[in-house]
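Let me begin by presenting the structure, written as structure tokens, before commenting on it.
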Amino acid sequence: MTADSPRPITDHTSHPAWLPDDAFAAIGSRRVVVAGDGALAGTVAEEVAAATSRFGGAFSRLEVGDGVADAELVLTLTPPDAGGGASAVAAVDAPGTDESFRLTREAGAVVVQAACDAGLLHGLFHVVRLGEAAFDGPDVDETHAPATDLRMLDHWDNVDVHPVMGQVERGYSGGSIFYDNGFVHADLSRVERYARLLAAVGINRVAINNVNVHAREARLLTEDLGDVVRVAAVFRRWGIRVHLSVSFASPITLGGLPTSDPLDQGVAHWWVRAAARVWDAIPDFGGFVVKADSEGQPGPFAYGRTHADGANMLAAAVEPYDGLIHWRAFVYDHRQDWRDRSTDRARAAYDHFHPLDGAFSDNVVLQVKYGPLDFQVREPLSPVLAAMPHTRVALELQITQEYTGQQRHAVYLGPQWSQILGFRFWDPAGREGGSPTVADLATGRAKAVEDPGTGTWRKPAGGFAAVSNVGDDEFWTGHPFAQANLYAYGRLCWDPTLDPAAVLDEWAGLTFPGAPDAVRQALHAVLDRSWETYEQYTAPLGVGFMVRPGHHYGPDVDGYEYTPWGTYHFADRDGIGVDRTVRTGTGYAGQYPGPWSAAFESPSTCPDELLLFFHHVPYTHVLHSGKTVVQHVYDTHFEGVARVEAMIEAWSAVSGHVEPRVSERVSERLAEQLRSATEWRDQVNTYFLRKSGIPDERGRTIF
Ligand code: GCW
């Protein structure tokens with residue numbers, strides 16, 4: 001059976017990102033068989049049919065027992081115990097949650113086998129990523145499975161345009177693909193293209209509204225559920241489940257109850273009924289995301305209850321449907337008095353949540369930002385990640401570049417995430433088979449490891465979540481190169497051990513098919529070290545912030561210094577940095593397991609890049625690098641700008657080889673990056689010169 005009218009997949013209005021038609025050339029020019037039932041097998045068949053009709057290959061959809069003798073690629077659902085090779089074709093029930101697949105290449109024929117249709121879909125995109133390489137080379141027999149079932153994106157999209165935050169909070173890519181000024185888009189074709197891109201990198205859950213839930217957004221849970229049903233139907237075709245952010249005060253604001261006390265029976269019943277309505281309408285709905293008692297969002301503290309009380313009440317309501325509660329650990333006092341040196345925002349999440357370890361229900365995932373502050377270019381890892389052995393902990397990353405250049409600067413975050421994922425809390429040296437990495441903690445692989453004082457880690461794990469960087473911009477992400485961050489996030493969720501440079505290579509190959517190798521090399525020249533470059537020209541040595549309050553773009557060294565937000569650097573004429581030691585400071589360093597609390601406690605063992613996060617030191621303090629703090633600041637800021645100039649040079653040499661619309665957007669953004677980096681350099685250097693009175697030993701211009 002051949003599908004005669006494949007759905008069109010060409011998208012003429014937005015950039016195709018990593019799925020241009022040519023990415024399917026290798027598959028499309030071959031004889032391909034798709035076998036098996038299930039919705040996602042249908043999606044796979046449509047993709048293959050469209051590709052083969054475009055590139056002159058042949059496509060057939062098989063029934064049980066049909067021959068596949070001359071096929072070059074077979075994508076088939078098989079019983080788990082079937083053998084390898086094309087002969088194994090059989091129809092099995094597609095539904096299920098197993099996303100793994102087996103890839104074999106034998107005598108020139110490539111076979112992707114999966115027990116469930118989700119696995120078939122991931123297998124298809126694996127072959128797409130391999131391109132011609134899928135069909136060349138020696139025989140293989142590999143099994144691929146994701147590191148975790150929970151690979152989630154959070155959208156901070158508002159239904160209404162927020163007077164301050166706009167349509168998408170911290171969005172740098174135009175409007176929302178879901179909402180337009182108070183409504184869910186009637187035409188969800190953009191969402192469909194997005195879902196397809198996400199499926200191609202392995203994302204399988206999306207929370208579609210901002211964690212700051214305002215009045216209009218709250219109603220998605222109730223009267224506007226029909227719109228969520230429409231969005232979920234689109235994502236479902238790509239193996240992605242939808243989640244909603246909900247307000248803890250919903251029983252009051254939507255239900256008219258006098259309270260949202262989690263221990264109140266009426267409140268609990270209200271949530272039970274709300275959950276029943278949601279799952280009745282969307283049987284594969286994922287669950288709720290909750291930002292509680294954080295930056296003005298309501299929570300259990302108002303009733304003298306703990307966050308476990310709050311989360312568990314919701315967890316009970318969604319438990320009958322295997323639903324999840326993603327409960328965010330981003331809880332701190334944002335009305336702090338800057339005069340009060342004893343309150344340390346960095347301590348807050350651990351202080352709130354560590355005592356609750358073991359108290360959360362099995363279907364609660366504690367979602368923890370990677371650092372204790374807020375997605376800075378450099379922070380130590382949140383000690384909460386290591387402090388909750390009996391809790392499902394998810395690592396939260398920020399793809400949207402709130403503090404990393406807002407998608408006007410080219411900053412490839414893959415290397416940062418890779419470093420985070422590979423961090424070891426208990427054994428910094430990372431003995432082979434030794435203590436778990438952050439990726440192990442998030443994926444549940446740490447469960448077998450016995451650690452001093454922590455016992456075993458329980459499964460299932462919490463997986464990954466990240467704030468999406470996508471909007472209705474022509475390029476999805478504002479900066480075309482910011483697509484690489486979304487791509488890398490998906491790939492690292494699937495396999496946290498991937499090399500970020502190899503992932504960038506993959507992205508470049510798919511996004512710019514047929515471009516000369518010089519383009520790929522230029523992308524590496526621009527992006528490989530761009531995270532470090534951004535760090536060089538912005539806030540130094542882990543001190544963080546120094547951004548313009550409110551919108552967070554561009555330098556303002558003292559912008560947050562006397563504010564209630566708890567983000568200070570304490571610069572005076574003698575020195576700078578925050579004393580977070582146990583001995584003389586806020587005690588934050590003591591929240592880490594042994595090796596790191598000891599290392600962070602002393603400036604002599606604290607890693608240079610985090611020195612000012614943990615210590616207040618004189619400008620003349622000598623780093624491990626041999627430079628003084630102030631000279632390091634000058635040198636890195638001059639070098640950072642020089643590197644941006646080199647990025648521009650590298651890109652100009654090849655920009656003529658890519659579509660004009662891409663090259664124009666990139667060039668425009670690089671020019672802004674240079675302007676902004678120069679401003680950062682001059683403000684930060686001038687600030688340090690004026691505070692310290694110490695001149696640059698190389699006599700460069702500082703103002
Ligand atoms: O990074 C900060 C942002 C807020 C955001 C908050 C959070 C959605 O500045 O805009 O609110 O974190 O993570 O909840």
Side-chain angles (χ1 to χ4, degrees), residues 10-23 166-168 170-177 190 193-194 197 399-402 404-414 468-488 504-531 533-534 537 551 553-554 640-680:
T10 308
D11 166 14
H12 295 291
T13 55
S14 55
H15 185 259
W18 48 86
L19 292 182
D21 292 344
D22 285 350
Q167 187 82 72
V168 181
R170 309 307 180 188
Y172 312 104
S173 311
S176 166
I177 59 170
R190 191 74 195 252
R193 298 197 287 274
Y194 180 54
L197 287 169
I399 312 174
T400 193
Q401 291 171 241
E402 175 177 1
T404 49
Q406 304 201 343
Q407 281 133 254
R408 296 189 226 181
H409 298 220
V411 179
Y412 177 47
L413 294 168
S468 176
N469 61 350
V470 153
D472 68 3
D473 163 66
E474 179 185 1
F475 295 96
W476 300 94
T477 53
H479 201 311
F481 294 171
Q483 291 175 2
N485 287 327
L486 185 60
Y487 185 92
L504 186 68
D505 227 42
E506 239 178 59
W507 168 78
L510 289 167
T511 306
F512 303 102
D517 197 52
V519 169
R520 195 185 56 83
Q521 286 172 21
L523 288 167
H524 280 291
V526 171
L527 293 171
D528 276 350
R529 296 194 304 166
S530 55
W531 166 49
T533 300
Y534 187 84
Y537 61 74
H551 59 61
Y553 186 72
V641 173
R643 281 200 194 179
V644 176
E645 285 163 345
M647 284 159 74
I648 292 176
E649 217 168 287
W651 177 248
S652 319
V654 302
S655 63
H657 293 298
V658 303
E659 273 183 275
R661 64 171 175 164
V662 174
S663 91
E664 276 156 30
R665 178 71 72 89
V666 172
S667 302
E668 164 223 307
R669 301 270 147 153
L670 284 173
E672 166 56 16
Q673 184 169 7
L674 181 59
R675 186 207 61 78
S676 174
T678 306
E679 194 60 28
W680 269 101

Compare every heavy atom of [Y] with every heavy atom of [X], then report the nearest pair and how far apart it is.
X: Ser173; Y: Val470; answer: CB-C, 4.0 Å
X: Ala518; Y: Val654; answer: O-CG1, 3.6 Å
X: Gln407; Y: Ile399; answer: OE1-O, 4.2 Å
X: Tyr412; Y: Ala484; answer: CE1-O, 3.9 Å
X: Ala482; Y: Gln401; answer: CB-OE1, 3.6 Å
X: Met647; Y: Ala525; answer: CG-O, 4.4 Å

Going by atom types only, do Gln483 and His15 share a side-chain donor-acceptor pair under 3.5 Å?
yes
Side-chain donor-acceptor pair present, Tyr487, Thr511, cut-off under 3.5 Å
no
Has [X] got a side-chain atom pairing as donor or acceptor with [Y]'s backbone, closer than 3.5 angstrom?
X: Trp18; Y: Leu197; result: yes
X: Thr400; Y: Arg170; result: yes
X: Asn469; Y: Thr477; result: no

What's the separation between atom [atom1] in [X] and atom [atom2] in [Y], rounded to the nearest 0.5 Å?
X: Arg665; Y: Asp473; atom1: CZ; atom2: CG; result: 4.5 Å
X: Leu486; Y: Leu413; atom1: CG; atom2: CG; result: 11.5 Å
X: Tyr534; Y: Trp680; atom1: OH; atom2: CH2; result: 5.5 Å
X: Tyr172; Y: Glu402; atom1: OH; atom2: CD; result: 4.5 Å
X: Leu670; Y: Arg408; atom1: CG; atom2: CZ; result: 14.0 Å
X: Arg193; Y: Ile177; atom1: CZ; atom2: CD1; result: 9.5 Å

Intermediate values then yes/no, side-chain contact (heavy atoms from CB on, under 4.5 Å), Val658 and Trp651:
CA-CA 11 Å; Val658 303; Trp651 177 248; 3.9 Å; yes
Would Tyr553 and His409 count as a close aromatic pair, with their ring centres under 6.0 Å?
yes
Do [X] and [Y] have side-chain heavy atoms sitting under 4.5 Å apart?
X: Leu19; Y: Pro16; result: no
X: Tyr537; Y: Arg643; result: no
X: Phe481; Y: Ser530; result: no

Using the side-chain contact (heavy atoms from CB on, under 4.5 Å) rule, take Leu674 and Val641 through it: C-alpha gap first, then chi angles, then the decisive distance, then the call.
CA-CA 7 Å; Leu674 181 59; Val641 173; 3.9 Å; yes
Just do the salt bridge (Lys or Arg N to Asp or Glu O under 4.0 Å) check on Glu672 and Arg669 with the steps written out, would you?
CA-CA 5 Å; Glu672 166 56 16; Arg669 301 270 147 153; over 6 Å; no
Does atom CZ (Arg520) have a neighbourhood of more than 12 heavy atoms from anything else shown, all under 6.0 Å?
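Check passes, neighbour count above 12.
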